[in-house]
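Data first, discussion second: the structure below is written as structure tokens.
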Amino acid sequence: METEKETTAPNPSVAPDGEQPSALARTDSISISEEKHKQFGKIKALSMPELMETFFPVRPAVIEGLLPAGTYLLAGAPKIGKSFFVLQMAYQVSIGEPFLGFSSRPGTVLYLALEDTYERLQKRLSQMTERDSQNLVLSVLADTLDEKLLEQLVDFLFEYPETVLVIIDTLQHIRGRTPDSCSYSADYDTMAKLKSFADTRDIALLVVHHTRKEGAEDVFNTVSGTNGLMGAVDGTMILHKDKRASSDAVLEVVGRDQPQMRLHLRFDPAHLNWELVKVDTELYQEPPDPLLELVAQLVTEEKPTWKGTATELSQCLQGVDSGRNFTPNWIVRTLNARQEMLLRQYGVRYLSQRRKDGKSILLQRDGVR
């Protein structure tokens, strides 16, 4: 039987605290030794052609358009409603319900409410909803990063492998106690450890933090601490109000994998829920991609799966549109880079494997097993 080898993305060989990666680390990542890429210590060198031919598995967003997989910071003034915001998020994601109008991916959610009590959480949830969620797990205690927090999170994910989101409320409760804890390097190192943990497990990790009293022309400059916090994470959300007593607030969002947005929110005190009023910045819509449109025509409800080499796919696409000539190499490069768009806009999953006779491509309608 022919052996197939998947070409996927580089993966760290050591967890952030120096331990070996757990069984929950991304198992679909590249084996550098198998690919025989040049390596100089931790530097794993890929040429541009090697990079473009590498298949990186899609990391599905936890909240589409708002919270991709990765590590994020939510900052706001004390007692402004951040804890209500993240508790609502945790609950709605756990049952797969839209959050602020953005669709969510259901899964287990761990909420570390480190400034609350179980009694307070019970009262808030009873007012927020009448429906229980087995997928929402809560704790009011956790170790710091200097202690065993990452080890405990590894154990949790082993027990709850369907986890999609971990919320830490707040950052101050899990920070290490180092002499230079207010330095850029200390801030960056704190968030980098959390980011490495989230990245190797394809989950979203949201850390709640405070803003400082002094204002700033750029609202993101109000995050308490140094720029090392924002520099290390994938994105930042700022929840702020013009008047503390007002029920209206604004959520500013910026990140590497989503466009900058401003959401106008209103708090419903009867149900302890934030509601979306309007979005100032509409989500950017990528223009249609001719290759993806043709690929989507090959994979239909009647024929939900297509499998073959890149050369065979090129021939099939020419049969659909004889006016276009897609080379096998260009097809692989484009599908590698745009597979998330193919899944999100056309509902087609893409998988690439290397075989002796070339790249083996699997195209499958989402939901088909």
_Euclidean distance, I167 CD1 relative to L206 CG, rounded to 0.5 Å_ = 5.5 Å

_Gap between atom CG of N227 and atom CG of D187 - 0.5 Å precision_ = 9.0 Å

*asked:* Using 0.5 Å steps for rounding, measure from the OG atom of S352 to the CG atom of L335.
replied: 8.5 Å

*Honestly curious: do L141 and V109 fall in one hydrophobic cluster under the side-chain, below-4.5 Å linking rule?*
yes

*May I ask you to decide if V219's main-chain N or O and T222's side chain share a donor-acceptor pair within less than 3.5 Å?*
yes

*Supply the atom-to-atom distance I80 CD1 to F267 CZ, rounded to the nearest 0.5 angstrom.*
11.5 Å

*Given the rule in the side-chain contact (heavy atoms from CB on, under 4.5 Å) test, do V208 and T170 qualify, once you have shown the distances and angles that lead to the verdict?*
CA-CA 5 Å; V208 181; T170 62; 4.2 Å; yes

*Quick check: does any side chain N or O of K82 sit under 3.5 Å from a backbone N or O of L239, one acting as donor and the other as acceptor?*
no

*asked:* Do L73 and V250 sit in one hydrophobic cluster, given that two such residues count as connected whenever their side-chain heavy atoms are within less than 4.5 Å of each other, even indirectly?
replied: no

_4.5 Å side-chain heavy-atom contact, L150 and L145_ = yes

*Ignoring hydrogens and geometry, is there a side-chain-to-backbone donor-acceptor pair from D234 to Y72 under 3.5 Å?*
no

*For T129 and L125, indicate whether the former's side chain and the latter's backbone hold a donor-acceptor pair under 3.5 Å.*
no

_Plane angle bin for F85 and F99 - parallel if under 30°, tilted between 30 and 60°, otherwise perpendicular_ = perpendicular

*Do Y111 and D169 have side-chain atoms, one donor and one acceptor, less than 3.5 Å apart?*
yes

_Determine whether the aromatic ring centres of residues Y350 and F55 are separated by less than 6.0 angstrom._
yes

*Taking every non-hydrogen atom, the tightest pair across F220 and M230*: O-SD, 3.6 Å

*Check: Q315 main-chain N/O paired with Q318 side-chain donor or acceptor under 3.5 Å*: no

*Is the closest side-chain heavy-atom distance between V233 and V207 below 4.5 Å?*
no

_Distance-only donor-acceptor check, side chains S185 and S183, under 3.5 Å_ = yes

*Separation of Q345 CD from L292 CG (nearest 0.5 Å)*: 8.0 Å

*asked:* On a heavy-atom basis, which atom in A45 and which in F40 lie closest, and how many Å separate them?
replied: CB-CE1, 4.1 Å

*Write down the atom of L272, the atom of M128, and the distance for their closest heavy-atom approach.*
O-CE, 3.5 Å

*Is M237 reachable from V277 through a run of hydrophobic residues whose side-chain heavy atoms are each under 4.5 Å from the next?*
no

*asked:* Looking at M52, is its backbone amide N or carbonyl O close enough to the side chain of N336 to form a donor-acceptor pair, meaning the two atoms are under 3.5 Å apart?
replied: yes

*Would F197 and L157 satisfy side-chain contact (heavy atoms from CB on, under 4.5 Å), going step by step from the backbone distance to the final call?*
CA-CA 11 Å; F197 172 83; L157 265 65; 4.2 Å; yes

*asked:* For a salt bridge (Lys or Arg N to Asp or Glu O under 4.0 Å) check, start with the C-alpha distance between D116 and R124, then their side-chain angles and the critical distance, and finish with the verdict.
replied: CA-CA 11 Å; D116 281 312; R124 288 179 177 178; 3.5 Å; yes

*Give a yes or no answer on whether the side chain of T211 reaches the backbone of A77 with a donor-acceptor pair at less than 3.5 Å.*
yes

*asked:* Quick check: do L317 and L291 have side-chain heavy atoms less than 4.5 Å from each other?
replied: yes

*Can you establish whether the number of heavy atoms outside D268 located under 6.0 Å from its atom CG is more than 12?*
yes

*Kindly say whether A310 contributes a backbone atom to a donor-acceptor pair with the side chain of S314 at under 3.5 angstrom?*
no

_Contact between E147 and L149 at the side-chain level, heavy atoms closer than 4.5 Å - yes or no?_
no

*How far apart are the closest heavy atoms of P269 and Q127, and which atoms are they?*
O-NE2, 3.1 Å

*Side chains of R59 and D199 in contact at under 4.5 Å (non-hydrogen atoms)*: yes

_Exercise: identify the closest heavy-atom pair between Y91 and S133_ = CE1-CB, 3.9 Å

*L194 and I168: side-chain contact (heavy atoms from CB on, under 4.5 Å), yes or no, with the steps?*
CA-CA 10 Å; L194 295 171; I168 298 174; 4.2 Å; yes

*What do the steps show when you test R344 against E64 for side-chain contact (heavy atoms from CB on, under 4.5 Å), and what is the final call?*
CA-CA 9 Å; R344 185 177 67 249; E64 191 65 45; 3.0 Å; yes

*Quick one: does E115's side chain get under 4.5 Å of Q172's, heavy atoms only?*
no

*Check S104 against P98 and note the closest heavy-atom contact, atom names and distance.*
OG-N, 4.3 Å

*With D248 as reference, evaluate K241, R266, K243, H264 under the side chain to side chain donor-acceptor pair (under 3.5 Å) test and give the passing residue.*
R266

*Quickly, which of L205, V86, L67, T108 forms a side chain to side chain contact (heavy atoms under 4.5 Å, CB included) with L165? Name it, please.*
L67

*Are side-chain heavy atoms of L153 and L110 found at a separation under 4.5 Å?*
yes

*Decide yes or no for R338 and T334: does some side-chain heavy atom of the first lie under 4.5 Å from some side-chain heavy atom of the second?*
yes

*Rounded to the nearest 0.5 Å, how far does CD of Q92 lie from CG of L87?*
9.5 Å

*Using atom types as modelled and distance alone, determine if a side-chain donor or acceptor of Q339 lies under 3.5 Å from a backbone N or O of F56.*
yes

*W274 side-chain N/O to A249 backbone N/O, donor-acceptor pair under 3.5 Å*: no

*Taking a hydrophobic cluster as the set of Ile, Leu, Val, Met, Phe, Trp and Tyr residues connected by side-chain heavy atoms closer than 4.5 Å, whether directly or through intermediates, do L46 and I43 fall within one such cluster?*
no

